[in-house]
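Have a look at the structure below before the remarks.
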Amino acid sequence: MKTLRSFVSVPLALLLCFPVSAYADDVSNLAGLLDEPVVSTASRTAETAGLAPATTSVITAEDLRRHGIGSLDEAINFLALGMIAEPSYGTPEIGTRGVLLSGDYGNHVLLLVDGHAVNEPWDGTAYYDRSAAVPMDLVDHIEVILGPGSVLYGSSAMLGVINVITKRAKDYPGLHLVADGGYPASGRAAGGYGTEFELMGRQGELTAGVLLFLGLCTRAGALIAIWMNLNYLMMKGWLNNDAFNDRTWIVCHVVVFLTGAGLVAGLDGALSRFLPSWLTGAERGRQPAPAPGPEPAPEPAPSH
Amino acid sequence: MAGDRMFLVVLALVLAVPGTVRAGDVAVPIGLQAELLFAVAGHDRNLSARSGGVVRTLILTKGTDDSARCAAQFKAAAVARSAVAGLPHSVEVASFTTASALAQVCHARRIAIVYLTPGFTGAEVAAIGQALEGGNVLTVSASSTMVTRGAVLGFDLVSGRAKLLVDPIQAAKQRVAFGADVLGLMTVPR
């Protein structure tokens, strides 16, 4: 009886197991494809990280939120991949392990926002403490390439390239308000809005964010900050507390970020209808395309 | 009144310039789209019934640069797949004329998969989805926004990872049936 049971149960178990395991492998293959990082910094086009010609480290919005990262320099130090950001009087200085050129204001590392360089054109300074003028809540992910990238990006990319990719409106729908900080040292408040719309038959989107940094410092520190950041709002503190005296100031940085997509495409399509063809280059009276069908057979190669 | 219009035009241009450039950068690579599509198509329970022994993929194009570029890249990736779910695979390219003509071609040639390149408007994709209702074909859009308009499947990029979007209602109308384990890897857009 025991032999008979084994005789039946073993083939039955094998029969049940094989198709299930094969199917699970296929799903895991699909899950592996979905988990493959897609980067766009290494060659200026979207590609899977495995095919990219440079090693790219990625920190996602979920990482930023989960670990309470409030600025770009914190994110770079969080990655701990050899690129470091050190605090300074002005903007944090950035370098790589063994190469931190003090006083270069980060002009040996190229900072991109959605692929556009934001280093100042005069001296190449990039502002990492204000998150490259992008509220961190609008950041979709940050790509960091350690190593020279000047062949592709020109000057400022000697030590590395940092690309901040912002969220699309569909991933940031509605109104968002965020406030965090540590008493009494600093505070941060942010608001953002994202929406999608259709303009003249074209898809469009709009994302906007406002970020407010608050930080306490001495009057001397505030004066240095004024000198360094004339384009940022600064106001004197009004808090009535023993910890705050007349020499304590509140430094306030306001960052506004706006982006829209599809508006130019929609306007271009709409305006081109009213413009003469010699100006737009469009073909008037284009013949309708032929119905779908098989591709024509290739012509035979000429014989010699 | 004229001042208001001028203000709106200037505002639109100011807002649109960075975003328009960015919109082209953020997309799922075409090669990865092809890999994902054929991996997912293998999990469609009706694929073998609809294909009739050969899985035929139709790449539908519009007369734009983006569409042509995408079609060329997708075709290069698709023809490399000689088999899908164990069945022979063939690839065709055609220009879009009307949704009804597309439905007739799909029915006559037993097209199993229709890949919509960028450039289709929401109204065109909605017409395609309506024309293919009751048919037996999987429509896939390179653009994520077209999934809510009438395409069954689409691709999106969030936090540097590709995502599969699916419209289960449209999938049922076009007799596309994925298993629960595959649907668990997909996202249903709002």
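Residue numbers start from 1 in every chain, and the chains themselves are labelled A, B, ... in the order their sequence lines are given, proteins ahead of strands. Scope of the values below: all heavy atoms of this structure, side chains included, with no hydrogens, waters or symmetry mates. Bear in mind the structure is a predicted one, so any value in this text is a computation, not a measurement.
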Legend entry - Atom NE2 of H67(A) with >12 non-hydrogen neighbours under 6.0 angstrom: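 Check passes, neighbour count above 12.
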Original post:
If you draw a 6.0 Å radius around CD in Q130(B), do more than 12 non-hydrogen atoms from other residues or ligands fall strictly inside?
Top reply: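 No, because the 6.0 Å sphere around CD of Q130(B) holds 12 heavy atoms or fewer from other groups.
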Show the nearest heavy-atom pair for residues D140(A) and G160(B), with the distance to one decimal.
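So the minimum-distance heavy-atom pair works out to OD2-N, 3.8 Å.
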Shortest non-hydrogen separation from A39(B) to L33(A) and the atoms involved
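Minimum heavy-atom contact is CB-CD1, 4.2 Å.
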Based on non-hydrogen pairs under 4.5 Å, which of D156(B), T98(B), I30(B) is most in contact with chain A?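 Heavy-atom pair counts peak at D156(B).
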| Most contacts with chain A, counted as non-hydrogen pairs under 4.5 angstrom, among S159(B), A108(B), G31(B), S143(B) |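 Top option by heavy-atom pairs under 4.5 Å: S159(B).
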Distance in Å, L32(B) CG paired with E47(A) CD, rounded so as to fall on 0.5 Å steps =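 Output value for this atom pair is 11.5 Å.
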To the nearest 0.5 angstrom, please state how far the CD atom of E62(A) sits from the CZ atom of R161(B).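 Answer for the CD-CZ pair, E62(A) versus R161(B), is 12.0 Å.
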Side-chain contact test, heavy atoms from C-beta onward, threshold under 4.5 Å: evaluate it for [X] versus [Y] and give yes or no.
X: K163(B); Y: L34(A); value: no
X: V27(A); Y: H43(B); value: yes
X: V158(B); Y: T60(A); value: no

(Q) Only pairs of heavy atoms separated by less than 4.5 Å count here; which of L51(A), V38(A), I142(A), D63(A) has the most with chain B? (A)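 The option with the most such pairs is V38(A).
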Please identify, among A49(A), P37(A), P173(A), the residue contributing the most non-hydrogen atom pairs under 4.5 Å to chain B.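 Of the options given, most contacts go to P37(A).
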Atom group of D35(A) that falls short of 4.5 Å from chain B, counting heavy atoms: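 Contact with chain B involves both backbone and side-chain atoms of D35(A).
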